[in-house]
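Taking it in order: structure first as structure tokens, then the write-up.
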Number of protein chains: 2
Amino acid sequence: MSERSVTPARRRGLADEVADTVREAIFDGTYAPGAQLREVELSRALEVSRGPVREALLRLEREGLVHTAWHRGAFVVELSAADIAELDSLRGALEGLAVSLVAETADERGLTAIEAAADTMGRAGDAYAMVRADIAFHDAVYAAAGHRRLREAWQAIRSQVHLFLLTRVGVSDDLAHLPGEHRELAAALRAGDTDRAARLFADHRKHAFHLLTGGRTAAPYPGSERESG
Amino acid sequence: MSERSVTPARRRGLADEVADTVREAIFDGTYAPGAQLREVELSRALEVSRGPVREALLRLEREGLVHTAWHRGAFVVELSAADIAELDSLRGALEGLAVSLVAETADERGLTAIEAAADTMGRAGDAYAMVRADIAFHDAVYAAAGHRRLREAWQAIRSQVHLFLLTRVGVSDDLAHLPGEHRELAAALRAGDTDRAARLFADHRKHAFHLLTGGRTAAPYPGSERESG
DNA sequence: TCTTGTCTCAATGTTAACATTAAGACAAGC
DNA sequence: GCTTGTCTTAATGTTAACATTGAGACAAGA
């Protein structure tokens, strides 16, 4: 049992540490969308040299949280309406695969983790904790899929989704229904009902999309509608 | 007309140059799967310092062509049967979205580019040129989808697919039917027939999968079969 | 008034030296 | 004979200094 929790014990290096710190700073609002991330500034603040900072910024760029330009530096991304639509449709495609994998091949451990994540969401205090729990729930689903590249594809947009949720949280405080939805999703996955699970996940996304954009955003890509029809 | 081909003219930096060179070297077989990529060795050979080389290796890692371990360096990936199955299923999910986007919203320019890529394939000389043309065809499809993050998700596995095709080319010299298939795919896309295009693309992948793995490989993920049913 | 050329400077791109790590060889101990 | 500890060495991780770039300010010219 306790053997299971033994971490691979691999050293992480300063770059990972820096990346985590900066990512949290962006989520905390320390660096707002559009803000510039200066290498020397960060290296001074974190007491490391510019090497690891550069590497960390590259990693954040891979996550889509930061965009860089030649000799002009790194900036926190500003998500446009079109970007939100892209994230929504791509999420749909990835989650479609993840859900079918989990429903058809997931083991007990993965299903338990998903249900635990759903339960955690029910105990979330404020809206920000709710957002964290929501992301964690989807993390659990991707983890249970047992598909490394799929998980990596999710991680490439995960931070952007997180950022979007954080900036839009508060436009609607009617988030109380989410924990119930997640428990329903978890139940469908455990039941192995692929079609029902896929439909629920699609509805879940569409629901959140319209709720958070308030309908003022561009319509989602047509491709994102296909699986729910 | 000529205005259209004006490149953004942005400087690329040594890291991009190095990444391109090393990627080509991997595809050429200079660095076989499993080979170590030493930073000092590369920096000496390319006459740059280790900084850009490190950055290039990070980029190749993002493409999945290389994997690195703490204080142990970078190695060319060795694709297992499970990896191939992952690539196939993830490709299916991404292409499903791409195909529906192209069939429903693509403009004339994108469709023309796809057809041009299909025609190029017909004129491919040897099997290696055929592989390049095949990748280029799919590139054109993703480009025509007009979905930046989808294209990036494809680029994250593109090189791995390319590497796999190169290592397996020759197990079957019956690749003559591919150009015809591609032209058929292009026609379905231009016709805007989403369902037919999706079915054709799924069959195309399944066909290539079985052809190149010779059926000796693990079965593809169940999720990869869904859209063709 | 608008354009164009020059200048300045802050920031990134690059380099080479230094510090730390991990795998392998080898001998001591059980 | 097998394990364990130490040493060596080759590689990466990190640092700080140097080189290059791009945006803005400003003045001269049409």
Side-chain angles (χ1 to χ4, degrees), chain A residues 3 6-23 25-26 30-78, chain B residues 3 6-23 25-26 30-78:
Chain A
E3 248 182 304
V6 181
T7 165
R10 55 174 61 92
R11 293 290 175 93
R12 301 198 324 130
L14 288 183
D16 295 282
E17 224 81 38
V18 171
D20 289 347
T21 306
V22 174
R23 191 188 302 109
I26 292 175
T30 305
Y31 296 104
Q36 185 168 7
L37 299 171
R38 275 173 262 268
E39 294 182 359
V40 288
E41 185 181 320
L42 288 173
S43 64
R44 254 203 302 264
L46 301 174
E47 294 183 348
V48 290
S49 102
R50 281 178 49 213
V53 171
R54 269 181 82 79
E55 204 167 316
L57 289 177
L58 239 67
R59 183 151 325 189
L60 294 178
E61 189 185 14
R62 160 160 53 177
E63 296 177 16
L65 260 186
V66 154
H67 70 101
T68 66
W70 170 269
H71 263 296
R72 253 183 295 171
F75 298 82
V76 180
V77 288
E78 299 178 276
Chain B
E3 248 184 301
V6 181
T7 166
R10 55 172 62 92
R11 293 289 176 93
R12 303 199 323 133
L14 288 181
D16 294 282
E17 224 82 37
V18 171
D20 288 347
T21 305
V22 175
R23 191 187 304 108
I26 292 175
T30 306
Y31 297 104
Q36 186 168 6
L37 299 171
R38 275 174 261 269
E39 295 181 358
V40 288
E41 184 181 322
L42 288 173
S43 63
R44 254 203 301 264
L46 301 174
E47 294 183 347
V48 291
S49 104
R50 282 178 50 214
V53 171
R54 268 181 84 77
E55 204 169 316
L57 289 177
L58 239 65
R59 184 152 324 189
L60 294 178
E61 189 185 13
R62 161 160 51 176
E63 295 177 16
L65 258 186
V66 154
H67 71 99
T68 65
W70 170 269
H71 264 294
R72 254 183 296 169
F75 299 81
V76 180
V77 290
E78 299 177 277

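A, B, ... follow the sequence lines: proteins, then strands. Residue 1 opens every chain. Excluded from the calculations below are hydrogen atoms, water molecules and symmetry mates; all remaining heavy atoms, backbone and side chain alike, are included. Please read all numbers here as calculations on a predicted model, not as lab measurements.
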### Residue that, paired with Arg23(B), satisfies side-chain contact (heavy atoms from CB on, under 4.5 Å) out of Thr21(B), Asp20(B), Ile26(B)
Asp20(B)
Whole angstrom value for the distance that separates [atom2] of [N] from [atom1] of [X]:
| X | N | atom1 | atom2 | value |
| --- | --- | --- | --- | --- |
| Asp16(B) | dT14(C) | CG | C1' | 14 Å |
| Glu47(A) | dT15(D) | CD | C1' | 14 Å |
| Arg44(A) | dA10(C) | CZ | C1' | 12 Å |
| Leu14(B) | dA16(C) | CG | P | 12 Å |
| Glu55(A) | dT15(D) | CD | P | 11 Å |
| Leu58(B) | dG13(D) | CG | C1' | 12 Å |
| Leu42(A) | dT15(D) | CG | P | 14 Å |
| His71(A) | dT8(C) | NE2 | C1' | 16 Å |

### Summary
Quick note, Val40(A) side chain, CB onward, closest among dG13(D), dT15(D), dT12(C) is dT12(C)
### Query
Which one, dA16(D), dT15(C), dA22(C), comes nearest to the side chain of Pro52(B)?
dT15(C)
Check this one for me: any side-chain N or O of [X] less than 4.0 Å away from OP1 or OP2 of [N]?
| X | N | result |
| --- | --- | --- |
| Arg54(B) | dG13(D) | yes |
| Arg72(B) | dA22(C) | no |
| Trp70(A) | dG22(D) | yes |

So, do [X] and [Y] sit near enough that their side-chain heavy atoms are less than 4.5 Å apart?
| X | Y | result |
| --- | --- | --- |
| Glu55(A) | Val18(A) | no |
| Leu60(A) | Glu63(A) | yes |
| Leu57(A) | Leu42(A) | yes |
| Glu41(B) | Gln36(B) | no |

### Sugar-phosphate, base or nothing in reach of Leu57(A), heavy atoms under 4.0 Å
nothing
### Query
Hey, does Gly51(A) reach any base, or is it just sugar-phosphate, or nothing, if we go heavy atoms under 4.0 Å?
base
### Position toward the 5' end of DNA chain D (nearest nucleotide), Gln36(B) or Val48(A)
Gln36(B)
### Message
Between dG13(D) and Arg50(B), counting only base atoms on the nucleotide and side-chain atoms on the residue, is there a donor-acceptor pair under 3.5 Å?
### Response
yes
